[in-house]
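Just below is one structure, and these are the notes that go with it.
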Amino acid sequence: MRKIDKNYDTLLSTKYKTWVDDLEVNKTKHPSSRTYYDDVAMELYKCQNGVCAYTERWICPQELYDSALCVDGKYISDDSAEYQRVEHSGEMDHYDPHLKKNQYWLWSNLFMIDAKINSIKSNNQPLSYLKPDLEDYTPEKYFEYDENTHRFIPNTDKDETTRNEIQYMIDNVLFLNHGVIRGDRRDFINDIKLKIRNNSEYKVDRFFTAVSWCIDF
């Protein structure tokens with residue numbers, strides 16, 4: 001799970017930003033309106049390079065979140081256009097689920113994640129230090145990668161309590177070792193290794209953390 005830069009000040013969706021800033025300044029409970037769902041989702045995809053914020057599995061084609069589609073501070077959402085926003089496999093996740101009640105649209109708490117894991121993830125309080133957009137977050141601090149099994153494991157330099165906490169997050173919140181996702185990650189890494197051996201062209205557009213730990217470029 002790599003670090004994500006979610007610079008709030010550079011959002012193209014200025015209408016969403018103005019709206020949510022006003023809610024926060026006035027300490028108003030966020031409404032259930034989905035007026036700015038596309039805006040938030042596409043901004044997040046842009047920050048995440050189209051992959052799940054946690055598993056780094058590819059979930060959205062670049063043409064859906066292209067900056068050119070943000071016009072006058074809002075993403076175009078006409079389903080009759082050539083692009084279709086339904087053609088992605090991500091869902092919006094609230095990192096801290098307890099903030100949903102009053103601050104549903106809080107930018108700092110939102111990520112786009114693989115729909116496969118969103119419906120089964122735990123709603124327990126997550127570890128705040130594993131939030132991937134924190135300034136001091138790096139995957140090396142908390143995780144290691146077992147290349148034999150293609151599983152993420154807690155950093156073995158951590159104490160037992162911390163390792164258990166991280167393992168819980170891996171299994172119940174981040175789903176880094178979910179069967180389908182782990183299989184896709186293994187196949188992707190092995191395919192890149194094969195292409196390197198054959199001097200063939202390849203592109204790293206997903207599973208960035210695991211790839212960087214398994215392949216010496």
Side-chain angles (χ1 to χ4, degrees), residues 1-60 64-65 70 73-75 77 85-137 139 142 152 164-178 180-181:
M1 185 174 73
R2 65 176 179 163
K3 178 179 173 58
I4 299 172
D5 181 8
K6 288 171 56 186
N7 191 337
Y8 186 61
D9 294 329
T10 61
L11 293 186
L12 299 178
S13 306
T14 53
K15 290 185 178 179
Y16 154 73
K17 187 174 185 298
T18 299
W19 174 72
V20 79
D21 282 348
D22 183 63
L23 293 175
E24 288 297 291
V25 167
N26 293 294
K27 301 186 185 310
T28 303
K29 179 179 179 179
H30 293 194
S32 59
S33 169
R34 294 171 63 88
T35 302
Y36 296 103
Y37 183 92
D38 267 0
D39 297 88
V40 177
M42 298 307 132
E43 290 280 11
L44 288 170
Y45 277 135
K46 187 147 53 72
C47 296
Q48 299 170 199
N49 297 113
V51 303
C52 171
Y54 307 154
T55 68
E56 298 178 42
R57 190 181 194 226
W58 186 83
I59 55 175
C60 184
L64 294 192
Y65 58 88
C70 190
K74 191 171 190 336
Y75 270 83
S77 58
R85 290 255 158 74
V86 296
E87 295 176 356
H88 64 90
S89 56
E91 294 178 354
M92 194 173 294
D93 179 57
H94 300 76
Y95 187 80
D96 183 347
H98 301 96
L99 295 178
K100 290 171 65 174
K101 182 177 179 180
N102 293 314
Q103 294 176 292
Y104 193 96
W105 297 104
L106 186 65
W107 171 254
S108 62
N109 194 46
L110 299 173
F111 296 96
M112 293 302 291
I113 67 172
D114 196 317
K116 286 183 179 296
I117 67 174
N118 193 41
S119 61
I120 58 175
K121 68 185 291 290
S122 168
N123 283 323
N124 292 337
Q125 186 72 37
L127 295 175
S128 59
Y129 60 77
L130 286 186
K131 192 162 172 280
D133 61 346
L134 295 179
E135 185 175 350
D136 63 347
Y137 170 84
Y142 309 109
F152 280 94
N164 289 338
E165 290 177 344
I166 294 173
Q167 188 65 59
Y168 177 84
M169 286 286 290
I170 289 173
D171 294 338
N172 299 286
V173 178
L174 307 174
F175 287 93
L176 302 186
N177 298 328
H178 181 282
V180 172
I181 293 166

Partner set under ring pair (Phe, Tyr, Trp, His ring centres under 6.0 Å) for [X], not counting sequence neighbours:
X: Y16; answer: none
X: Y168; answer: none
X: F152; answer: Y145
X: Y104; answer: H94

What are the two closest heavy atoms between [X] and [Y], and how far apart are they?
X: H30; Y: L106; answer: CE1-N, 3.7 Å
X: L110; Y: K6; answer: O-NZ, 2.7 Å
X: H98; Y: N123; answer: CE1-O, 3.9 Å
X: G73; Y: C70; answer: C-SG, 4.0 Å
X: I181; Y: L176; answer: CG2-O, 4.5 Å

F111 and Y54: CA distance, side-chain angles, deciding distance, side chain to side chain contact (heavy atoms under 4.5 Å, CB included) verdict: CA-CA 9 Å; F111 296 96; Y54 307 154; 3.7 Å; yes
Electrostatic pair D93-K121, nearest N-O below 4.0 angstrom: yes
Would you say [X] and [Y] make side-chain contact, with heavy atoms under 4.5 Å?
X: D136; Y: Y129; value: no
X: Y8; Y: D21; value: yes
X: L127; Y: Y142; value: no
X: P126; Y: Y95; value: yes
X: L130; Y: V173; value: no
X: N172; Y: N124; value: no
X: Q48; Y: L44; value: yes
X: H88; Y: I59; value: no

Go through it in stages, so that I can follow the logic: the residues are M112 and Y65, the test is side chain to side chain contact (heavy atoms under 4.5 Å, CB included), and I'd like the CA-CA distance, side-chain angles, deciding distance and then a yes or no. CA-CA 12 Å; M112 293 302 291; Y65 58 88; over 6 Å; no
Gap between atom [atom2] of [Y] and atom [atom1] of [X] - 0.5 Å precision:
X: K46; Y: L11; atom1: NZ; atom2: CG; value: 7.0 Å
X: F175; Y: S122; atom1: CZ; atom2: OG; value: 8.0 Å
X: L12; Y: K74; atom1: CG; atom2: NZ; value: 13.0 Å
X: D171; Y: I166; atom1: CG; atom2: CD1; value: 12.0 Å
X: L174; Y: I113; atom1: CG; atom2: CD1; value: 9.0 Å
X: H178; Y: I170; atom1: NE2; atom2: CD1; value: 15.0 Å

With sequence neighbours left out, the residues meeting side chain to side chain donor-acceptor pair (under 3.5 Å) with K131 are D133
Look at the side chain of [X] and the backbone N and O of [Y], then say whether any donor-acceptor pair between them is shorter than 3.5 Å.
X: W105; Y: V40; result: no
X: E43; Y: S13; result: yes
X: T10; Y: N7; result: yes
X: K3; Y: L134; result: yes

Does the side chain to side chain contact (heavy atoms under 4.5 Å, CB included) test come out yes or no for E24 and Q103, once each step is laid out? CA-CA 8 Å; E24 288 297 291; Q103 294 176 292; 2.8 Å; yes
If only side-chain N and O atoms count, and only distance matters, is there a donor-acceptor pair under 3.5 Å linking T28 with N26? no
Begin from the C-alpha positions of K17 and W107 and carry the test side chain to side chain contact (heavy atoms under 4.5 Å, CB included) through to its verdict. CA-CA 9 Å; K17 187 174 185 298; W107 171 254; over 6 Å; no
What residue pairs, at least two apart or across chains, pass salt bridge (Lys or Arg N to Asp or Glu O under 4.0 Å) with a residue in residues 100-120? R57-D114
Ring-ring centroid check W19 Y36, cutoff 6.0 Å: yes
